[in-house]
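The structure appears right after this line, and notes come after that.
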Amino acid sequence: MISWRTLTEQDFPMLGRWLAEPHVARWWQHETSATAVARDFGAAARGEEPSDDLLVLLDGRPVGLLQRSRYADYPDHAAELAPIIEVPAEAVCIDYLIGDPQLIGTGLGTRVIRSIVEATWNDYPNAPSIVVPVSAANRGSWRALEKAGLRRVAEGEMTPDNPLDDRDHYVYEAVRPPAGS
């Protein structure tokens, strides 16, 4: 069973190890020292930032990280997408990682994405959609989005997280289902 809880400062050592894993470091480009992890994730863990940093659990065991936020709370993100696609202010963005390399390629990412999409409709009642930009080079990520039911709605250039990548990005979207469905 997939569940999650708010990331806490006690989770930072594990998160630092995950961020150092080659399959994560390739796409996340985070420093992994204790100081850097506390700097980058501390405000959300303390509730000082308007985003959800969630520890993903599989049958109660930590396996990954979900980040979820409204574009209205991070206007720079919406502005970067503006030349590619119009993003409603109340739309939500997600990001995710599976920390354990043994779990890559098992379908877990797709299951996690499906779960957070479903929960988002309840957690963010004003969100008309979930809009997720992803590097075109990150085939595993965009395939997981597709398998979870998100549709590719745009393509364009954005600044990549990893300077080794080109600027090509795909934008995926899940639209809130009609009431009662």
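Positions are given from 1, in the same order as the sequence printed here.
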Tyr172 and Val153, any side-chain heavy atoms less than 4.5 Å apart: no
Ion pair check, Asp11 and Arg5, cut-off under 4.0 Å: yes
Ile130 side, atom CD1; Thr120 side, atom OG1 - distance, nearest 0.5 Å: 4.0 Å
Closest non-hydrogen atom pair between His23 and Ile98, with its separation: NE2-O, 2.7 Å
More than 12 heavy atoms of other groups within 6.0 Å of Arg46 CZ: yes
Chi angles and distances behind the side chain to side chain contact (heavy atoms under 4.5 Å, CB included) call for Ile116, Trp4: CA-CA 9 Å; Ile116 198 66; Trp4 49 80; 3.6 Å; yes
Glu49 and Tyr74, any side-chain heavy atoms less than 4.5 Å apart: yes
Glu146 and Arg152, any side-chain heavy atoms less than 4.5 Å apart: yes
Contact check, side chains of Ile2 and Leu108, non-hydrogen atoms, under 4.5 Å: yes
Whether Arg68 side chain and Asp53 backbone form a donor-acceptor pair below 3.5 Å: no
Side-chain heavy-atom pair Asp166, Glu157 within 4.5 angstrom cut-off: no
Closest heavy-atom pair and its distance - Glu21, Gly99: CG-O, 3.7 Å
Gap separating the CG atom of Leu7 from the CZ atom of Phe41, nearest 0.5 angstrom: 7.5 Å
N-O pairing of Arg39 and Glu31 below 4.0 Å: yes
Exceeds 12 heavy-atom contacts within 6.0 angstrom, atom CZ of Arg167: yes
Whether over 12 other heavy atoms sit under 6.0 Å from Glu9 CD: yes
Neighbour count above 12 (heavy atom, 6.0 Å) for Glu86 CD: no
Arg176 side chain to Pro125 backbone, donor-acceptor under 3.5 Å: yes
Side chain Asp100, main chain Gln102, donor-acceptor under 3.5 Å: yes
Distance-only side-chain donor-acceptor flag, Tyr170 / Ser135, under 3.5 Å: no
Exam field: side chain Asp168 to backbone Ala136, donor-acceptor pair closer than 3.5 Å: no
Thr106 (side chain) donor-acceptor with Leu103 (main chain) under 3.5 angstrom: yes
Contact summary for Ala144 and Gly109, nearest pair of heavy atoms: CB-C, 4.4 Å
Residue pair Glu90 / Ala72: nearest heavy atoms and the distance that separates them: OE2-CB, 4.4 Å
Over all atoms of both residues, closest heavy-atom pair of Ser129 and Val131: OG-CG2, 3.7 Å
Least distance between heavy atoms, Tyr71 atom then Pro133 atom: OH-CD, 3.5 Å
Test item: Leu66 and Ile113 side chains (from C-beta on) under 4.5 Å apart, heavy atoms: no
Parallel, tilted or perpendicular: rings of His30 and Trp28 (30°, 60°): tilted
Tyr124-Asp52 side chain donor-acceptor pair, cut-off 3.5 Å: yes
